[in-house]
Amino acid sequence: FWPWLLASSGLSALVQLVTLPFFPDSPSYLLIQKGNEEACRKAIRKLWGEGDHQVEIDDIMKEKGAMASTKSLRVLEVIKERSLRWQLYILMTVMTTLQLCGINAIYFYSFEVFHTAKFEEYLIPYVSLGVGLCECLSSILCSTLIDRFGRKVLLWGGYSLMGSVLALLTMTLSLQHRFFWMHYFSVILIFLFVVFFGIGP
């Protein structure tokens with residue numbers, strides 16, 4: 001069953017591979033990279049229908065002008081550039097915390113937690129699948145929340161809630177041999193952690 005489930009991801013890749021030639025090129029790519037305004041207009045009409053799309057073309061032309069006046073920097077030049085220092089710090093902080101937030105540990109030890117919670121052996125893979133589904137659904141929810149609350153609020157809120165859940169999870173795992181219901185509380189916390197990870201970071 002699992003080999004078929006894993007292979008199913010190849011089906012979506014195959015569909016994309018077959019349908020990709022029928023999609024139009026990006027109008028901005030055609031105008032900025034290729035310099036072909038007629039092909040750009042044709043792509044816009046294919047994407048947005050017939051009509052006067054001069055405003056969109058003017059916006060792309062402005063983008064092209066802005067890109068022409070911007071110098072491309074090498075990696076070392078980006079690091080040395082003082083005006084980009086804070087952006088670089090923020091990017092490094094976000095990427096580091098994303099790697100060290102604990103999501104990999106949660107996925108790695110979730111099977112053991114489910115086993116300790118006395119789930120039937122054949123049910124554990126499905127519960128693990130539910131954890132992955134929770135992350136997928138929370139990521140979709142994040143795309144709707146980000147416009148309303150902004151990235152900064154979701155990052156701070158997500159990491160704060162994840163930190164709280166990890167603290168509670170540490171406590172429940174330590175006390176799971178004293179109270180039988182702690183196992184189930186740990187399972188709930190794993191699901192909550194994954195949801196907060198999907199919504200936040």
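- Around OH of Tyr159, the count of heavy atoms belonging to other residues, nucleotides or ligands within 6.0 Å exceeds 12.
- Contact of the Leu166 side chain with the Met162 side chain is not registered, since no non-hydrogen atoms from C-beta on lie closer than 4.5 Å.
- Here the shortest heavy-atom pairing between Ile146 and Arg151 reads CD1-CD, 3.5 Å.
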Show your reasoning for whether side-chain contact (heavy atoms from CB on, under 4.5 Å) applies to Tyr107 and Glu135.
CA-CA 11 Å; Tyr107 275 122; Glu135 183 179 352; 2.3 Å; yes

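- Partners of Phe108 under the ring pair (Phe, Tyr, Trp, His ring centres under 6.0 Å) rule, at least two apart in sequence or in another chain, do not exist in this structure.
- Applying the salt bridge (Lys or Arg N to Asp or Glu O under 4.0 Å) test to residues at least two apart or on different chains, the pairs with a partner in residues 26-42 are Glu37-Arg41, Glu38-Arg45.
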Tell me which donor-acceptor pairs under 3.5 Å the side chains of residues 13-21 have, and how far apart each pair is, sequence neighbours excluded?
unit_1	atom_1	unit_2	atom_2	d
Thr19	OG1	Val15	O	2.8
Thr19	OG1	Gln16	O	3.4

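- Residue Leu141 holds its CG atom at 11.5 Å from SG of Cys136, rounded to the nearest 0.5 Å.
- Apart from Val55 itself, the hydrophobic cluster it occupies contains nothing, where clustering links Ile, Leu, Val, Met, Phe, Trp and Tyr at side-chain heavy-atom distances under 4.5 Å.
- Under a hydrophobic clustering in which Ile, Leu, Val, Met, Phe, Trp and Tyr are joined whenever their side-chain heavy atoms come within less than 4.5 Å, directly or via other members, Leu161 and Val94 fall into the same cluster.
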Validation: residues 180-199 side-chain donor-acceptor distances under 3.5 Å, sequence neighbours left out:
unit_1	atom_1	unit_2	atom_2	d
His183	NE2	Gln176	O	3.3
Ser186	OG	Thr172	OG1	3.0
Ser186	OG	Met182	O	3.0

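- Once rounded to the nearest 0.5 Å, the distance linking CD of Glu50 with CD1 of Ile44 reads 12.0 Å.
- Counting all heavy atoms, side chain and backbone alike, Gly35 lies closest to Lys64 at CA-NZ, 4.5 Å.
- A chain of hydrophobic side-chain contacts below 4.5 Å, direct or via other Ile, Leu, Val, Met, Phe, Trp or Tyr residues, connects Phe111 to Val127.
- Arg148 CZ to Leu154 CG: the interatomic distance, rounded to the nearest 0.5 Å, is 11.5 Å.
- Applying the ring pair (Phe, Tyr, Trp, His ring centres under 6.0 Å) rule to Trp156 yields no partners; only residues at least two apart in sequence or on another chain are considered.
- The CD1 atom of Ile103 lies 9.5 Å from the CG atom of Leu98; values are rounded to the nearest 0.5 Å.
- Other cluster members for Leu100: none, since no ILVMFWY side-chain heavy atom sits under 4.5 Å from it.
- With sequence neighbours excluded, the residues satisfying ring pair (Phe, Tyr, Trp, His ring centres under 6.0 Å) with Tyr89 are Trp86.
- Listed by chain and residue number, Phe114, Ile124 satisfy the side-chain contact (heavy atoms from CB on, under 4.5 Å) test with Ser128 (two or more places apart in sequence, or in another chain).
- Note that CZ of Arg74 and CD1 of Ile79 are 13.5 Å apart. Values are rounded to the nearest 0.5 Å.
- Residue Glu56 holds its CD atom at 12.0 Å from OG of Ser28, rounded to the nearest 0.5 Å.
- In this structure, the side chain of Glu63 does not engage the main chain of Ile60 through any donor-acceptor pair within 3.5 Å.
- Under the 4.5 Å side-chain heavy-atom criterion for grouping Ile, Leu, Val, Met, Phe, Trp and Tyr, Leu133 is not connected to Leu129 through any hydrophobic cluster.
- Residues that satisfy the salt bridge (charged side-chain N to carboxylate O under 4.0 Å, His left out) test with Glu81, not counting sequence neighbours, are absent from this structure.
- In the hydrophobic clustering, Tyr122 connects to Leu123, either directly or through intervening members, whenever side-chain heavy atoms lie under 4.5 Å apart.
- Cluster annotation: Leu88 and Leu76 are assigned to distinct hydrophobic clusters (Ile/Leu/Val/Met/Phe/Trp/Tyr, side-chain heavy-atom contacts under 4.5 Å, transitive).
- Heavy atoms only, all atoms of each residue included: Ser12 and Ser9 are closest at OG-O, 2.8 Å.
- For the pair Thr96 (side chain) and Thr93 (backbone), a donor-acceptor distance under 3.5 Å is absent.
- Annotation for Leu30: hydrophobic cluster partners, listed by chain and number, are Tyr29 (ILVMFWY side-chain heavy atoms under 4.5 Å, direct or chained).
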